[in-house]
Protein chains: 2
Amino acid sequence: MTNIRKVAELAGVSVATVSRALKSPDIVSPTTREKVLKAVDQAGYKPNLMAVQFRSQRTYNLVVLVPTIANTFFARVISGIQEAAQERGYGVLLCNTLGNEAMETQYASLVSTRQADGVIQLRAFNPFSEKAFPDGAVLPMINACEVLDDAPCPTVKLDNRAAAREATEHLISLGHRRIGMIKGPRRSPLTRDRQQGYQDALSAADIALDECLLCPGDFTPRSGYQSAETLIALAERPTAIFCESDEMAIGAISRIKEAGLRVPEDISVAGFDDIAFASYSDPPLTTIAQPAEAFGREAVAMLIEVLEGRQVDNLVLPYTLVSRASTATCRP
Amino acid sequence: MTNIRKVAELAGVSVATVSRALKSPDIVSPTTREKVLKAVDQAGYKPNLMAVQFRSQRTYNLVVLVPTIANTFFARVISGIQEAAQERGYGVLLCNTLGNEAMETQYASLVSTRQADGVIQLRAFNPFSEKAFPDGAVLPMINACEVLDDAPCPTVKLDNRAAAREATEHLISLGHRRIGMIKGPRRSPLTRDRQQGYQDALSAADIALDECLLCPGDFTPRSGYQSAETLIALAERPTAIFCESDEMAIGAISRIKEAGLRVPEDISVAGFDDIAFASYSDPPLTTIAQPAEAFGREAVAMLIEVLEGRQVDNLVLPYTLVSRASTATCRP
DNA sequence: GATGGTGATGTAACCGGTTACATTTGGCTT
DNA sequence: AAGCCAAATGTAACCGGTTACATCACCATC
């Protein structure tokens with residue numbers, strides 16, 4: 001394999017000169033630079049980046065821990081990460097962790113073993129062991145999207161509580177007072193925040209909370225489908241359902257229709273995320289749009305700041321309520 | 001940072017002994033091994049994998065070139081890749097290339113610069129320059145899903161022609177004779193093969209090909225939506241549409257309904273891929289199911305074979321026609 | 001007691017770059 | 001002509017492991 005020594009020999013200079021000609025062209029004479037570049041070309045030389053990284057103790061790789069890549073919201077976040085990382089010369093080691101903590105810990109240890117410089121964690125879990133990074137040490141990590149309450153690192157998130165409140169208020173403003181909610185995974189801060197927003201809206205409108213209207217879910221269409229079944233079967237059926245993800249909303253709509261009910265005439269449905277399919281669902285989905293790609297881009301920018309030893313503030317990104325045809329005035 | 005020398009000092013042995021105690025425990029005496037392991041634990045030592053890789057000239061990273069991560073079919077393929085790679089101790093460098101050849105070439109060069117051992121390419125394009133890997137050299141690559149006709153490496157694919165033929169025959173068997181088709185990107189071998197399958201089925205049933213019924217698309221819901229518009233507007237409207245992807249089928253259904261037509265009563269729609277949403281669309285989508293995760297798993301297995309210098313045969317994976325409610329008997 | 005073999009361990013070269021420091025070259029000043 | 005400085009280039013240490021080879025202790029055999 002052609003290495004820097006071969007090139008040096010070919011150009012009739014020392015390895016140091018070759019290295020300099022490539023890395024800081026301005027400190028070698030034009031003549032020498034010319035010679036070196038010709039030799040590089042002739043030998044088809046490409047620096048062995050493993051050696052470069054080894055020497056500099058920087059890999060320019062970022063680990064991204066994704067709960068599930070099959071969710072189109074995360075797909076967008078990843079697109080943003082990828083794009084920003086590439087612009088800044090970083091590679092992305094993507095890890096589909098399926099929420100498995102052992103796996104997340106294992107991938108995070110790529111940082112301890114110097115295979116990556118930092119971690120972007122898209123789930124509320126600290127994958128670093130206390131041992132590897134004791135309290136007080138600066139973690140080379142950014143926690144985005146679903147963030148820990150006491151995250152040991154900078155975070156990027158949405159004001160989920162306010163967003164959920166806005167979605168619920170939208171339903172209330174359409175005259176709904178019996179509003180079901182299909183939640184996310186039990187332990188997620190996301191679930192808790194969005195439920196609080198939902199309750200905030202109810203309280204503000206003097207609607208009592210009915211626990212029966214709160215259904216569990218896990219962000220998949222299947223769980224939306226199942227919980228909709230429960231809600232429909234209630235003696236006092238809700239006239240609207242707020243889902244914590246579009247995927248669940250689509251599943252819910254599917255079940256509602258199967259029951260012979262119409263959306264939005266019989267039941268209004270609102271989602272969260274604004275995935276691509278939201279516009280193509282029947283009816284098109286009212287939802288909270290998140291700047292998914294921005295989550296990715298910002299997380300990368302922040303992580304690089306951290307890696308370079310600078311201070312970084314937490315970030316809250318804006319959301320928008322997108323009103324489509326799946327929600328309508330309540331007709332009792 | 002704790003390195004092997006610190007551990008050696010702590011254990012009162014040489015670095016070679018530490019290395020051996022960790023890599024081949026059987027060739028050091030139990031007493032020494034014990035001492036070393038204790039020192040390792042005490043120092044919180046983790047080998048610097050960059051150094052290990054640098055020494056062994058193997059990175060145990062695989063580059064995966066994905067046309068678009070936002071497509072749920074690819075998301076499943078990637079899950080398969082990830083899973084298989086992890087089992088075998090490989091990391092995955094994921095690259096969302098958006099079909100940009102320059103970007104694919106750039107990422108493939110991670111292999112030339114020794115940042116990765118091999119490439120899994122999910123698109124019909126050879127990202128390796130002739131210069132880096134001259135003709136005849138064994139490319140450390142597997143081409144999966146959408147494969148080049150004259151791929152310079154082993155491939156894993158579906159018999160797209162047969163699958164498309166089966167889908168079309170399904171429509172014909174329901175009495176349809178005027179069948180539209182929404183195609184994939186123009187230059188893709190996938191598009192060509194599936195169109196051939198479509199034509200095979202028509203010929204076998206003595207149905208003349210009508211060019212007006214062939215519409216362009218790019219696998220996104222939006223393109224399905226637009227092409228459906230064209231098909232609906234035809235003087236002699238088709239009674240069925242075969243889409244080369246579920247995402248386009250979902251877009252098409254959305255447009256058909258907007259026009260006040262019903263699926264499948266007025267127009268039957270069949271898709272391709274069997275993505276998760278296919279079951280939750282209204283009506284649930286008849287489609288060709290691909291073993292997406294298997295594509296990923298097999299590609300990894302094959303690539304590792306190649307990397308280890310063994311011969312590998314091309315692979316063709318099986319498909320299944322999944323008949324749901326979006327296709328029905330033609331009622332003229 | 002000399003010889004040889006074996007198992008355990010140490011020594012140091014090596015991977016391929018980067019870079020601190022040393023050396024050389026050439027122009028300019030005095 | 002001697003002295004000095006800056007620019008250009010060379011030399012070699014270094015990053016942290018792995019491993020070929022050397023060494024040593026110990027025991028068995030002749």
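Convention: sequence-line order gives letters A, B, ...; per-chain numbering from 1. Source: prediction; values computed, not measured.
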Test salt bridge (charged side-chain N to carboxylate O under 4.0 Å, His left out) applied to B:E87 - qualifying residues, sequence neighbours left out: none
By side-chain contact (heavy atoms from CB on, under 4.5 Å) - contacts of A:D150 (at least two apart): A:L148
Protein-to-nucleotide contact annotation, 5' to 3' order, nucleotides 7-16 of chain C [B base; S sugar-phosphate only; - none; under 4.0 Å, heavy atom]: -SBBBB-BBB
Under 3.5 Å donor-acceptor pairs involving side-chain atoms of residues 119-128 of chain B, not counting sequence neighbours:
residue : atom : partner : partner atom : Å
B:Q121  : OE1  : B:R123  : N            : 3.2
B:Q121  : NE2  : B:E104  : OE1          : 3.1
B:Q121  : NE2  : B:F125  : O            : 3.0
B:R123  : NE   : B:E104  : OE2          : 2.8
B:R123  : NH2  : B:E104  : OE1          : 3.3
B:N126  : OD1  : B:F128  : N            : 2.9

Integer-rounded Å distance: D:dT18 C1' and A:M50 CE: 13 Å
Listed once per pair and sorted, the ring-ring contact (aromatic ring centres under 6.0 Å, His included) pairs that draw on residues 33-65 of chain A, sequence neighbours left out: A:F54-B:F54, A:Y60-A:Y90
Presence of A:S19 side-chain N/O under 4.0 Å of C:dG17 phosphate oxygens OP1/OP2: no
Integer-rounded Å distance: D:dG10 P and A:E9 CD: 13 Å
Kindly list each side-chain donor-acceptor pair under 3.5 angstrom involving residues 22-30 of chain A, sequence neighbours excluded, with atom names and distances?
residue : atom : partner : partner atom : Å
A:S29   : OG   : A:T32   : N            : 3.3
A:S29   : OG   : A:T32   : OG1          : 2.6

